[in-house]
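The structure appears below as structure tokens.
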Amino acid sequence: MSKNHRAEVTISTYELDGLYFAVGVSKEGNIIKCSLPKESKQNAINEIKKTCSSFKISNKYQKYAKNVCKSYYGEKIHFNIDIPDMGDFQKEVLQEVSKIPYGEVRTYKQIAEAINSKAYRAVGTAISKNPLPLIIPCHRVVKSDLSVGDFFGGMEMKKEILKNEGICIVKGKIKKKVD
DNA sequence: GCTTTAGACGTAT
DNA sequence: ATACGTCTAAAGC
């Protein structure tokens, strides 16, 4: 069978303090996948590789990887992204999630309601498949009782990211800001 | 407070 | 058709 004309993805990585971040960028220049911080460069790259059949590694988009890193450490970054090929429902969910402002959280229920659905669990499922953690801030989505909830990279990581954004967490629960 | 139970619904197999 | 999921609400301990 002839060839695989699947779009080629360029993978770039960035390292800080022993943590490796990777992004996969399409030909059009959109980030289509990013990894959470990993302990090795290879792990970070593998995370991207899994989602594409054709790729090359280059430092061309290192700045994007760096921005992902910055977001992890609580810097407010704007990315121009394009939510990739997925079902409508999933897309709506991710779009809604990407609207959550820096330093704030929403619950799964609120996300469901925002798109006129009662599918709370499906929202969780959709978010779990978020290809762009940190960029699409799924870490800002928490349970209705304000406990942190799950996360692809583990609850600890979710908590850390939220703290880096200045969100206060006490005993695993989001603490409303007092000002 | 914690655990179980049933409910709701998109997705993967 | 069946099972599962980053869930919720209600009920019982």
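None of the values given here were measured: they were computed from a predicted structure. A, B, ... follow the sequence lines: proteins, then strands. Residue 1 opens every chain.
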Checklist entry - Going by heavy atoms in the side chains, are A:Asn164 and A:Tyr73 under 4.5 Å from each other? => result yes
Checklist entry - Hey, does A:Ala119 reach any base, or is it just sugar-phosphate, or nothing, if we go heavy atoms under 4.0 Å? => result sugar-phosphate
Checklist entry - To the nearest Å, how far apart are A:Phe152 CZ and C:dT6 C1'? => result 11 Å
Item to check | Rounded distance [0.5 Å steps], CD1 in A:Ile174 versus CG in A:Leu162 | outcome: 5.0 Å
Item to check | C:dT6 and B:dG7, which share atom name P, separated by this distance in whole Å | outcome: 22 Å
Next on the checklist: Going by ring pair (Phe, Tyr, Trp, His ring centres under 6.0 Å), name the residues that satisfy it together with A:Tyr61, two or more places apart in sequence or in a different chain.
Outcome noted: A:Tyr64
Next on the checklist: For a salt bridge (Lys or Arg N to Asp or Glu O under 4.0 Å) check, start with the C-alpha distance between A:Arg106 and A:Glu96, then their side-chain angles and the critical distance, and finish with the verdict.
Outcome noted: CA-CA 10 Å; A:Arg106 296 288 182 278; A:Glu96 206 54 43; over 6 Å; no
Checklist entry - Is A:Lys158 touching bases, backbone alone, or none of the nucleic acid, heavy atoms closer than 4.0 Å? => result base
Checklist entry - How does DNA chain B look in dot-bracket form if you count Watson-Crick and G-U pairs under 3.5 Å, write [ ] for pairs that cross, and put | where a base pairs with another strand? => result |||||||.|||||
Item to check | Atom pair CG/CD1 of A:Leu132 and A:Ile83 - distance to nearest 0.5 Å | outcome: 8.0 Å
Checklist entry - According to a strict under-4.0 Å criterion, is A:Ser128 in side-chain N/O contact with OP1 or OP2 of C:dT6? => result yes
Item to check | Nearest-Å distance for atom pair CD1/P, residues A:Ile100 and C:dT6 | outcome: 16 Å
Checklist entry - Any salt bridge (charged side-chain N to carboxylate O under 4.0 Å, His left out) pairs touching residues 47-58 of chain A, not counting sequence neighbours? => result A:Glu8-A:Lys56, A:Lys38-A:Glu47, A:Glu47-A:Lys50
Checklist entry - So do the side chains of A:Val148 and A:Lys143 get within less than 4.5 Å of each other, counting heavy atoms only? => result no
Item to check | Set of side chain to side chain donor-acceptor pair (under 3.5 Å) partners for A:Gln42, sequence neighbours left out | outcome: A:Asn46
Checklist entry - Over how many whole Å does the gap from A:Ile174 atom CD1 to C:dT6 atom P extend? => result 18 Å
Checklist entry - Any side-chain heavy atom of A:Glu92 within less than 4.5 Å of one from A:Ser117? => result no
Item to check | Side-chain heavy-atom pair A:Tyr14, A:Asn67 within 4.5 angstrom cut-off | outcome: no
Next on the checklist: Does the protein touch nucleotides 8-13 of chain C at the base, only the backbone, or not at all? Give it as B, S and - per nucleotide, heavy atoms under 4.0 Å.
Outcome noted: SS----
Item to check | Nearest-0.5 Å distance that lies between atom CZ in A:Phe21 and atom SG in A:Cys69 | outcome: 4.0 Å
Checklist outcome for this item: DNA chain B: first to last nucleotide in contact with chain A (atom under 4.0 angstrom from a heavy atom), 5' to 3', is B:dG7 to B:dT11
